[in-house]
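Step one of this worksheet: look at the structure below.
Bear in mind that the values here come from a model prediction, so they are computed numbers and not experimental data.
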Amino acid sequence: MRLEIQCQNRLGLAQEVLNVLVSYQLDLRGIEVDPSLSRMYVSFPTVNFEKFQELMAKMRRITGVEDIKTTAFMPSEREHNELSTLLKTLPDGLIAVDIKANVTVINDAALEALSVEHSAIAGQSLQGMVKGFNFQRWLEGDDVLAQTRRLEIHGKRFVADILPVMVPDETGHEILAGAVINLKSESRLGQHMVAFKKGDQESFNTLQAHSNLMRKVVREAKKMSQLDAPILIMGETGTGKELLARACHAASSRTGKPFLALSCASLPDNVAESELFGYGANAFPGTAEGKKGIFELANGGTVFLDEVGEMSHQLQTKLIRFLQDGSFRRVADENEVKVDVRVICTTQKDLPGMVQEGKFREDLYYRLNVLTLALPPLRERKQDVIPLAEFFIARFAARLGRKAPKLTDSCANFLQNYPWPGNVRQLENALYRAITLLEGFELDKEHLQLPSYNNDFGYLEQDFDGTLDEAVKRFEANLLRKLFPAYPSSRQLAKKLGLSHTAIANKLRDYGINRKSVKI
C-alpha cells in the first residue's frame with residue numbers, strides 16, 4: 001500500500017509515522033519526502049481493512065499531519081514508469097554510459113538500430129564498437145562539452161548528439177557522471193527532412209485565409225479532401241493552386257502515399273503520355289525495359305495535373321478512360337494496368353468556353369468538374385495581402401538569419417492597393433528580393449521595386465518614351481493583331497470594332513497586318 005501524507009515540515013514527524021508502522025509490525029518498503037509540496041510518501045505491505053482504519057487513525061493524530069490518502073504510485077515509481085515508457089516509445093536510439101563509457105541504459109530503438117541483444121551490450125564499453133568518436137578520451141578530458149558527431153556502429157552510420165550527464169555533489173558543485181548519446185540514422189534524418197519540408201508547404205495551416213472568399217475556399221477544400229472524386233482547381237497564375245492541391249492531399253486518407261505532379265503545358269504529347277502512363281519494353285529505340293508512369297508510381301496516392309486545359313485531345317481521350325475505372329495500358333504495351341489514384345487538376349483557362357469551341361472534350365470536362373474550387377486572385381482578397389506579406393517576410397528573414405523587418409505604413413498601404421497581376425507568387429518574389437537586398441530594419445515601398453500596373457493595360461513602362469500619338473498607335477496595332485485571328489477579314493473586324501470597312505482596311509495596311517503576318 002502507498003500513502004500520501006500532507007504534513008507540516010516538523011523535525012521528527014517522519015520518525016513518528018514510522019513508529020506507527022512498526023507498532024503493526026509492517027516492513028517499510030519506501031519513504032519519500034517532497035518539502036516543496038509539504039508531502040511525505042510511504043509504502044508498506046497491504047493490510048486488512050480493519051487494521052488499515054486503525055493505522056490511518058493513529059497517523060492522523062500525529063501532530064503536524066493535516067491529511068492522508070492512498071495513492072497509486074510513489075513519486076519515484078511514477079517517474080520510473082514515465083522514463084521507461086519514454087525510452088520504449090522514443091523512435092530514436094538512446095544510450096547512457098558511465099564515466100568509463102560502459103553502457104548503463106539502452107532503449108529498444110538503439111538495440112534495433114545496432115542489431116544487438118540487450119545482454120550483449122549492457123555493461124560493455126561502447127568504445128570498442130563505435131567508429132568516429134573516442135568516448136573514453138572525451139570523458140577523461142578537462143572540459144567535457146556537448147558534441148554532435150557522425151558515428152559508425154556495426155557498419156551503420158548515424159548522427160549522434162553526445163551530452164554529458166552532471167550531478168551535484170555535497171558541496172553543490174557538479175561532477176561528471178557519464179553521458180547520454182542520442183542516435184539518428186540516415187533514414188530517420190531523411191524522414192525529418194521530408195516532414196520539415198512538407199510541413200512548410202503541405203497543410204491548410206500554411207494557407208493565409210483571412211478574407212471571406214479564401215476562408216470559404218479552405219472550408220470547401222477541407223470537405224472535398226475527404227472524398228475520392230477528382231478535384232478541379234481554377235484560378236489565375238500564381239494564386240497557389242498547387243499549394244491548395246497539396247493541402248488537399250495532406251488532409252486526405254492518402255496522405256502517407258505519393259503526391260506526383262505533371263505539367264500538361266511543358267511537355268510534348270508523346271513525352272507527356274509516356275510520363276503519365278509509362279511504356280512497355282522496346283517502346284522506343286534503346287529502351288529494352290519498360291518503365292512505370294506517374295499513375296503507377298502514385299498508386300494509392302494523388303496525381304496532380306497542372307494546367308489540364310493544355311492537354312492534347314489524344315491524352316484527353318486516354319485520361320477519360322482512366323477516370324472511369326482506374327485502368328490503362330502503357331505506351332506500346334497490351335497489358336492492362338489498374339491503380340487506385342485520385343486526380344487533382346488545375347487550370348487558368350476558360351474550360352467551358354474551350355468546350356464550346358471544341359478545344360476541350362465535353363465528356364472529360366464533366367468528369368473533372370465534379371468537385372470544383374475557384375481560387376480568387378489576390379486583388380479580390382485584400383484582407384489576405386498583409387498577413388501573407390508578414391508570413392513571407394518572417395520566413396525569408398529566418399532563412400537569412402536576421403530579424404524580420406517591420407513594414408512601414410506606406411509600404412503596407414502600397415501592398416494593400418497594388419493589383420498583383422502575378423498574385424501570391426508575385427508578392428512572394430517581390431518580398432524575397434526586397435528582404436535579400438534590405439540593409440535596414442524597416443521595409444518601405446521603395447524597396448519593392450515593383451513596376452506600375454493598371455488592370456486595363458497591364459504593366460506600364462517606368463521610363464515612357466515617345467509621344468501620345470505613338471503610344472496610341474502601338475496600342476492600336478497590338479489590339480488589331482490580337483483580334484485579327486478571330487475576325488480574319490476587314491469586314492468582320494470592322495463590325496466587331498464598330499468602324500467602317502475602309503477605316504479598318506487602311507489601319508491593317510498601315511500596320512502590316514494580314515494573313516501572312518498573323519497566324520490564323
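The two residues Cys7 and Val65 have their closest heavy-atom pair at CB-CA, 4.2 Å. When every heavy atom of Ile99 is checked against every heavy atom of Gly178, the shortest pair comes out as CG2-N, 3.8 Å. Contact detail for Ala389 and Leu407: the closest heavy-atom pair is CB-CD1, 4.3 Å. Counting all heavy atoms, side chain and backbone alike, Val331 lies closest to Phe284 at CG1-CZ, 4.3 Å. Summarising the geometry of Asp169 relative to Ile175, their closest heavy-atom pair is OD2-CG2, 4.1 Å, with the distance given to 0.1 Å. Residues Trp138 and Ala179 share a closest heavy-atom pair of CZ3-CB, 3.5 Å.
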Evaluate salt bridge (Lys or Arg N to Asp or Glu O under 4.0 Å) for Asp340 paired with Arg254, printing each intermediate quantity in order. CA-CA 10 Å; Asp340 173 27; Arg254 301 174 181 268; 2.9 Å; yes

Please lay out, stage by stage, how Arg61 and Val20 fare under the test side-chain contact (heavy atoms from CB on, under 4.5 Å). CA-CA 11 Å; Arg61 286 196 290 268; Val20 173; over 6 Å; no

Given the rule in the side-chain contact (heavy atoms from CB on, under 4.5 Å) test, do Leu213 and Asp384 qualify, once you have shown the distances and angles that lead to the verdict? CA-CA 10 Å; Leu213 275 175; Asp384 296 324; over 6 Å; no

Can Glu54 and Lys58 be said to form a salt bridge (Lys or Arg N to Asp or Glu O under 4.0 Å), step by step? CA-CA 6 Å; Glu54 293 177 13; Lys58 285 188 177 182; 6.0 Å; no

side-chain contact (heavy atoms from CB on, under 4.5 Å) between Phe322 and Val303, worked out: CA-CA 12 Å; Phe322 172 75; Val303 169; over 6 Å; no

Could you go through Glu4 and Tyr41, starting from their C-alpha distance and side-chain angles, then the distance that decides it, and tell me whether this counts as side-chain contact (heavy atoms from CB on, under 4.5 Å)? CA-CA 5 Å; Glu4 178 185 321; Tyr41 301 85; 3.4 Å; yes

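Side chain of Lys241 to backbone of Leu375: no donor-acceptor contact under 3.5 angstrom is found. No donor-acceptor pair under 3.5 Å is formed between the side chain of Asn423 and the backbone N or O of Arg425. Of the possible donor and acceptor atoms, one in the side chain of Arg342 sits under 3.5 Å from a partner among the backbone N and O of Ala229. In this structure, Thr104 contributes its side chain and Ala96 its backbone to a donor-acceptor pair below 3.5 Å. Not one N or O on the side chain of Asn282 forms a donor-acceptor pair closer than 3.5 Å with the backbone of Glu289. At distances below 3.5 Å, not a single donor-acceptor pair connects side-chain atoms of Asp333 with backbone N or O atoms of Tyr279. For Arg330 (side chain) and Gly290 (main-chain N/O), no donor-acceptor pair under 3.5 Å exists by modelled atom type. Ser327 contributes no side-chain N or O that, together with a main-chain N or O of Lys338, makes up a donor-acceptor pair within less than 3.5 Å. Side-chain atoms of Ser274 come within 3.5 Å of backbone atoms of Val271 as a donor-acceptor pair (strictly under, hydrogens ignored). Checked by atom type and distance alone, the side chain of Glu296 never pairs as donor or acceptor with a backbone atom of Gly278 at under 3.5 Å.
Few gaps surround CD on Gln226; more than 12 heavy atoms of other groups in view lie less than 6.0 Å from it. Annotation for Asn9: atom CG does not count as buried by contact number, only 12 or fewer foreign heavy atoms lying within 6.0 Å. Atom CG of Leu11 has 12 or fewer heavy atoms from other residues, nucleotides or ligands within 6.0 Å. Applying the 6.0 Å contact sphere to CZ of Arg150 captures no more than 12 heavy atoms from other residues, nucleotides or ligands. Residue-environment remark: CZ (Phe73) stays at or below the threshold of 12 foreign heavy atoms within 6.0 Å. The 12-atom threshold is not exceeded at NZ of Lys406, counting heavy atoms of other residues, nucleotides or ligands nearer than 6.0 Å. Taking a 6.0 Å sphere around CZ of Arg215, one finds it holds more than 12 heavy atoms contributed by other residues, nucleotides or ligands. For Asp409, the CG atom counts as loosely surrounded, since its 6.0 Å shell holds 12 or fewer non-hydrogen atoms of other residues, nucleotides or ligands.
A distance of 13.5 Å separates CZ in Phe396 from CZ in Arg433, rounded to the nearest 0.5 Å. Taken from NZ in Lys222 to CG in Leu207, the straight-line distance is 9.0 Å, to the nearest 0.5 Å. For the atom pair Asn212 CG and Gln383 CD, the distance stands at 6.0 Å (nearest 0.5 Å). Distance OG/Ser23 to CG/Leu18: 11.0 Å, rounded to 0.5 Å. In this structure, CD in Gln8 is found 8.5 Å from OG1 in Thr63, a value given to the nearest 0.5 Å. Summarising the geometry, atom CD1 belonging to Ile95 is positioned 8.0 Å from atom CG belonging to Asn107; distances are rounded to the nearest 0.5 Å.
Checked against the 6.0 Å centroid criterion, the rings of Tyr432 and Phe392 do not qualify as a close aromatic pair.
Looking at Val343 and Cys345, their side chains come closer than 4.5 Å, going by heavy atoms from C-beta outward. Using a 4.5 Å heavy-atom cutoff, the side chains of Arg381 and Val424 are in contact. Side-chain contact between Leu260 and Glu275 is absent, with no heavy-atom pair separated by less than 4.5 Å. For the pair Leu3/Val17, no side-chain contact is recorded, criterion being any heavy-atom separation below 4.5 Å from C-beta on. A heavy-atom distance below 4.5 Å is found between the side chains of Arg60 and Ile68. The side-chain heavy atoms of Val116 and Leu111, taken from C-beta on, include a pair separated by under 4.5 Å. In this structure the side chain of Leu55 reaches within 4.5 angstrom of the side chain of Leu21, judged on heavy atoms. Using a 4.5 Å heavy-atom threshold, the side chains of Leu297 and Pro258 count as separate.
There is a side-chain donor-acceptor pair under 3.5 Å between Asp444 and Ser410. For Asn81 and Glu77, the side-chain atoms include no donor-acceptor pair closer than 3.5 Å.
Ring orientation note: the planes of Tyr418 and Trp420 are nearly perpendicular, at an angle over 60° on the 30°/60° scale. Relative ring orientation between Phe304 and Phe259 is described as parallel, the plane-to-plane angle staying below 30° on a 0-90° scale split at 30° and 60°.
With respect to Glu428 and Arg395, a salt bridge is recorded, a charged nitrogen being found less than 4.0 Å from a carboxylate O. Note on Asp92 versus Lys184: salt bridge recorded, some NZ/NE/NH1/NH2 to OD/OE distance being below 4.0 Å. A salt bridge does not link Arg39 with Glu66: every distance from a Lys NZ or Arg NE/NH1/NH2 to an Asp or Glu carboxylate oxygen is 4.0 Å or more.
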